[in-house]
Trainee: 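Take this structure first; my questions come after.
Worth knowing before you read on, the calculation uses all heavy atoms, side chains too, and leaves out hydrogens, waters and symmetry mates. Bear in mind the structure is a predicted one, so any value in this text is a computation, not a measurement. A note on names: the letters A, B, ... follow the listed sequences, proteins ahead of strands, and every chain is numbered from 1.
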There are 2 protein chains.
Amino acid sequence: MKSEEIAKIAGVSRSTVSRVINNYSNVPEDTKKKVLDVITKYNYQPNTSARVLAGKKNDTIGLFIVSIADAFNPNRLYNNNYFTQFVDAVVECANARGYYVLVNIVYCENDYNKVSEVFLQKRIDGGIVIGTERDAEVLINVSKRGFPVALIDYDADEIKRNKSDNDNLIVIGSNDYDGAVSAVEHLIGLGHKDIGLLAGRLSTYSGRQRYNAFFDTMKKHGLNVNEEFVLHGDFIKSKTADEVNKLIQRRKLPSAIFSSNDDMAITAMDLFRESNIKIPEDISIIGFDNIPLSSLVKPALSTVSTPVYDIVDRAVTELISYIKRNKKGFTSFSYDAKMVMRDTCLRK
Amino acid sequence: MKSEEIAKIAGVSRSTVSRVINNYSNVPEDTKKKVLDVITKYNYQPNTSARVLAGKKNDTIGLFIVSIADAFNPNRLYNNNYFTQFVDAVVECANARGYYVLVNIVYCENDYNKVSEVFLQKRIDGGIVIGTERDAEVLINVSKRGFPVALIDYDADEIKRNKSDNDNLIVIGSNDYDGAVSAVEHLIGLGHKDIGLLAGRLSTYSGRQRYNAFFDTMKKHGLNVNEEFVLHGDFIKSKTADEVNKLIQRRKLPSAIFSSNDDMAITAMDLFRESNIKIPEDISIIGFDNIPLSSLVKPALSTVSTPVYDIVDRAVTELISYIKRNKKGFTSFSYDAKMVMRDTCLRK
DNA sequence: TTGAAAGCGCTAACAA
DNA sequence: TTGTTAGCGCTTTCAA
């Protein structure tokens with residue numbers, strides 16, 4: 001069934017059918033109804049490819065989940081707890097606004113080519129990228145070619161510095177630095193002085209922010225950081241386990257740990273438990289992200305919550321407005337991260 | 001950049017460029033190389049809409065996650081633990097085979113119309129549907145219109161009965177009945193006689209299978225089912241909590257519970273703990289699905305594992321073969337579910 | 001082995 | 001208010 005047939009049956013021309021489909025104002029009510037009746041009767045739906053080819057938008061946004069852990073430590077599932085929330089939220093927000101979502105997972109550097117392919121093949125009107133590595137200039141290049149791109153968890157300042165005039169970039173994320181400061185200060189307020197850090201991958205924006213916030217805050221409060229207490233989990237489960245096990249074997253523990261994300265914190269909690277180190281009695285721990293699992297784990301993990309839904313909603317809304325209004329330029333948003341006190345921090 | 005420009009620069013016609021893009025055999029190596037060089041140099045990618053309009057496939061499959069809990073109990077997030085694994089697996093399998101994935105979530109009966117729209121608008125070459133409600137004939141109608149559809153967790157027998165000749169249906173799932181039988185028999189083998197059931201929504205195929213298996217197995221072993229021990233959680237968190245709380249208040253507990261999924265089992269475990277009912281000492285419990293969370297929870301939940309990845313891989317592979325070879329007809333697959341013994345079942 | 005030309009189903013300028 | 005017509009960028013016959 002194509003518009004021509006609908007036109008014939010309704011006794012009008014293809015143009016009129018097109019006008020009805022696109023809800024143009026210059027169609028009288030009765031003509032409109034006549035056409036609409038036929039459309040409904042035959043369950044007609046316009047061919048998307050034809051519409052797009054004739055100049056309409058695709059009404060599809062691409063969602064790119066970057067899940068490159070490390071060339072030698074491929075470990076995408078670990079990140080899932082955090083990422084899946086985004087997939088869900090993006091699909092929901094986009095669908096609610098009449099947009100479709102094409103989901104792609106970027107497993108390796110090489111997959112970045114696939115990302116630009118999707119844009120260049122005109123499969124989508126714009127894209128949202130989550131978990132971007134620092135070096136992903138491919139994305140910025142794509143945006144320079146005229147495709148709007150929303151980057152989540154990326155260094156807005158760095159982008160702004162490198163930005164050219166003809167990009168279409170939206171950078172959006174949470175204020176991880178301040179969130180991390182409040183977490184560390186919470187521990188300090190509880191009387192902890194020997195505070196350890198379970199650091200995330202420093203090639204990610206959030207990894208760096210949370211790392212810097214930790215050291216800055218310790219310094220600000222005149223507290224020393226024992227190098228043995230700085231563990232590089234890199235957001236990777238196996239690395240985290242290695243580092244935590246080494247710490248346990250040294251038999252000298254910090255009284256509290258700030259972990260750059262919940263996944264690592266939970267891994268650490270498991271290992272501590274296995275070694276009969278009690279949380280929070282023997283060691284306090286606070287995570288970051290407030291993933292669903294963090295409230296289910298026992299004891300429930302204290303953490304810093306990032307407003308995932310708000311971030312996604314903003315990313316989708318903003319992206320769509322770039323698409324629809326052919327908006328250009330650079331926009332950035334930052335949402336506050338808030339502490340969620342649960343059961344893993346105790347006064348020293 | 002379009003094929004015509006590439007053609008001009010390479011000194012050939014558009015047809016030749018097209019032949020190169022589509023890897024046709026009747027292009028001599030040097031012509032091919034010449035064209036490919038230009039394509040690479042200008043980073044050319046063919047316009048998908050134009051290709052599809054001219055008769056090519058979309059290379060996109062639709063993934064429809066049906067998450068209708070109940071008109072009065074909208075509770076999609078609860079199902080997430082189970083569904084997100086599918087999204088991840090489908091995207092991975094499809095991407096690996098050169099297919100894109102358009103993800104849609106079906107929140108309500110009305111959303112089924114959106115499903116057929118996606119097909120009729122030719123946005124996808126075929127679709128995978130997960131968590132289908134019994135009454136979703138829309139999907140079967142779509143398949144009758146010539147679009148291949150793969151249904152996961154659906155009653156193959158019922159479909160076969162209603163199938164017409166011109167459908168394109170793939171039904172695939174796990175052998176939930178046998179899986180549930182082995183779980184219940186495991187409890188019985190441990191000496192349990194007062195076994196309770198935490199039942200899922202009976203409008204789902206898996207809900208019914210697990211339910212029937214429970215009663216059949218109890219009967220087969222000559223065991224009575226105490227009606228007070230049959231809880232209708234309906235795969236919904238709040239309902240599950242209500243039912244479990246009521247059970248606890250009655251102060252008469254079964255010695256073991258078979259739960260129709262892990263989510264409900266974990267909810268129950270939390271409530272039991274809060275009431276100082278120890279698992280597995282006071283009550284044994286076994287779940288179903290083997291969601292990631294089930295191994296993280298303390299004590300780790302014994303459960304029945306469904307080969308999610310195999311199921312998805314088969315669904316994607318089969319769907320693609322329907323698409324590529326214009327295969328027609330009905331195909332069904334069933335994968336065995338296997339028990340995973342962990343720490344929530346104890347000898348009575 | 002290649003090119004010319006028709007056509008895929010729609011939209012949008014232009015004309016009436 | 002409506003229809004005619006010319007594309008949109010590709011693939012694919014057909015002919016050379």
Trainee: Would you call B:Asp37 and B:Lys33 a salt bridge, taking side-chain N to carboxylate O under 4.0 Å as the test?
Mentor: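 Yes, this pair counts.
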Trainee: Let's see if you can work this out: which of D:dC10, C:dG9, C:dT11 has an atom nearest to the side-chain heavy atoms of A:Arg51?
Mentor: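 Closest nucleotide among those given: C:dT11.
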Trainee: Classify the nucleic acid contact of B:Thr48 as base, sugar-phosphate or nothing, counting any heavy atom under 4.0 Å across all strands shown.
Mentor: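 Touches nothing.
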Trainee: In whole Å, I'd like the distance from the NZ atom of B:Lys56 to the C1' atom of C:dG9.
Mentor: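 Rounded to whole Å, this separation is 18 Å.
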Trainee: Take B:Lys34 and A:Gln45, find for each the nucleotide of DNA chain C with the closest heavy atom, and name the residue whose nucleotide sits nearer the 5' end.
Mentor: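 Checking each residue's closest nucleotide, the 5'-ward one belongs to B:Lys34.
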Trainee: What is the nucleic acid contact for B:Asn47, judged by heavy atoms within less than 4.0 Å: base, sugar-phosphate only, or nothing?
Mentor: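 The answer is sugar-phosphate, as B:Asn47 gets under 4.0 Å only of primed atoms, P, OP1 or OP2.
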Trainee: Atom CG in B:Leu102, atom OG1 in A:Thr60: separation rounded to 0.5 Å?
Mentor: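 It comes to 6.0 Å.
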Trainee: Please give, in whole Å, the distance from C:dC10 C1' to B:Lys122 NZ?
Mentor: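 About 13 Å, once rounded to whole Å.
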Trainee: Got B:Cys93 and B:Tyr309 here, is their nearest side-chain heavy-atom distance under 4.5 Å?
Mentor: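 Yes, side chains in contact.
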Trainee: Among C:dT2, D:dT11, C:dC14, which nucleotide sits nearest the side chain of A:Arg19?
Mentor: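 Nearest to the side-chain atoms of A:Arg19, counting from C-beta on, is C:dC14.
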Trainee: Does A:Tyr24 have A:Arg19 sitting over its ring (NZ/CZ under 6.0 Å from centre, angle to axis within 45°)?
Mentor: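 Output no; distance or angle outside limits.
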Trainee: Between A:Arg14 (CZ) and D:dG7 (P), how many Å, whole number?
Mentor: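 Distance check: A:Arg14 CZ to D:dG7 P gives 14 Å.
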Trainee: Is any side-chain heavy atom of B:Lys328 less than 4.5 Å from a side-chain heavy atom of B:Tyr322?
Mentor: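 Contact flag for B:Lys328/B:Tyr322 side chains = no.
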Trainee: Start with the C-alpha gap between A:Arg97 and A:Asp313, add the side-chain angles, then the distance that decides, and say whether salt bridge (Lys or Arg N to Asp or Glu O under 4.0 Å) holds.
Mentor: CA-CA 10 Å; A:Arg97 289 175 179 73; A:Asp313 189 65; 3.0 Å; yes
Trainee: Describe the nucleic acid contact of A:Ser49 in one word from base, sugar-phosphate, nothing, applying a heavy-atom distance below 4.0 Å.
Mentor: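 Contact class for A:Ser49: none.
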Trainee: Looking just at side-chain N and O atoms, do B:Arg123 and A:Asn47 make a donor-acceptor pair shorter than 3.5 Å?
Mentor: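 Per modelled atom types, B:Arg123 and A:Asn47 side chains form no pair under 3.5 Å.
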Trainee: For B:Leu53 and B:Val27, find the nucleotide of DNA chain C closest to each by heavy atoms; which residue's nucleotide sits nearer the 5' end?
Mentor: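 On the 5' side of the pair lies B:Val27.
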Trainee: Counting the benzene-type ring for Trp, do A:Phe64 and A:Phe119 have ring centres under 6.0 Å apart?
Mentor: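 Judged by ring-centre distance (under 6.0 Å), A:Phe64 and A:Phe119 do meet the cut-off.
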Trainee: For a quick check of understanding: with a heavy-atom distance under 4.0 Å over all strands, which category does B:Ser15 fall into, base, sugar-phosphate or nothing?
Mentor: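 Counting heavy atoms under 4.0 Å across all strands, the contact made by B:Ser15 includes a base.
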Trainee: Below the 4.0 Å mark, does D:dC10 have OP1 or OP2 next to a side-chain nitrogen or oxygen of B:Ser3?
Mentor: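 Yes.
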Trainee: Rounded to whole Å, how long is the line connecting atom CG of A:Asn26 with atom C1' of C:dT11?
Mentor: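 Interatomic distance, CG of A:Asn26 to C1' of C:dT11: 13 Å.
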Trainee: To the nearest angstrom, how far is A:Ile6 atom CD1 from C:dG9 atom P?
Mentor: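 Those two atoms, CD1 and P, are 13 Å apart.
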Trainee: Rounded to whole Å, please give me the gap between CD in B:Glu4 and C1' in D:dC8.
Mentor: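 Going from B:Glu4 (CD) to D:dC8 (C1'), I get 12 Å.
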Trainee: What is the separation between atom CG on A:Asp59 and atom P on C:dT11, rounded to the nearest whole Å?
Mentor: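 From A:Asp59 CG to C:dT11 P: 12 Å.
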Trainee: Among C:dT2, C:dG9, D:dT11, find the nucleotide with the atom closest to the side chain of A:Ala54.
Mentor: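 Given the options C:dT2, C:dG9, D:dT11, the side chain of A:Ala54 is closest to C:dG9.
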Trainee: Using a cut-off of 4.0 Å on non-hydrogen atoms, how would the nucleic acid contact of A:Val12 be classed: base, sugar-phosphate, or nothing?
Mentor: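 Answer is sugar-phosphate: A:Val12 comes under 4.0 Å of backbone atoms only.
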Trainee: Report for the helix from C:dT1-D:dA16 to C:dA16-D:dT1: angle between first-end and last-end helix axes, five pairs each, rounded to 10 degrees.
Mentor: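 Nearest ten degrees gives 40° for this helix.
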Trainee: Return the value, rounded to whole Å, for the distance between atom CG of A:Asn58 and atom P of D:dC8.
Mentor: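 Spelled out: CG on A:Asn58 to P on D:dC8 is 18 Å.
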Trainee: Does B:Tyr24 put a side-chain nitrogen or oxygen below 4.0 Å from OP1 or OP2 of D:dT11?
Mentor: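 Result: no.
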Trainee: Side chain of B:Asn22: nearest nucleotide among D:dT2, D:dT11, D:dG9?
Mentor: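 That would be D:dT11.
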Trainee: Base, sugar-phosphate alone, or nothing: which one does B:Thr16 contact when heavy atoms must sit under 4.0 Å apart?
Mentor: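 Sugar-phosphate contact only - B:Thr16 comes under 4.0 Å of backbone atoms but never of a base.
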Trainee: Is B:Tyr44 close enough to D:dC10 that one of its side-chain N or O atoms is under 4.0 Å from OP1 or OP2 there?
Mentor: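 Answer yes for this pair, as a side-chain N or O of B:Tyr44 is under 4.0 Å from OP1 or OP2.
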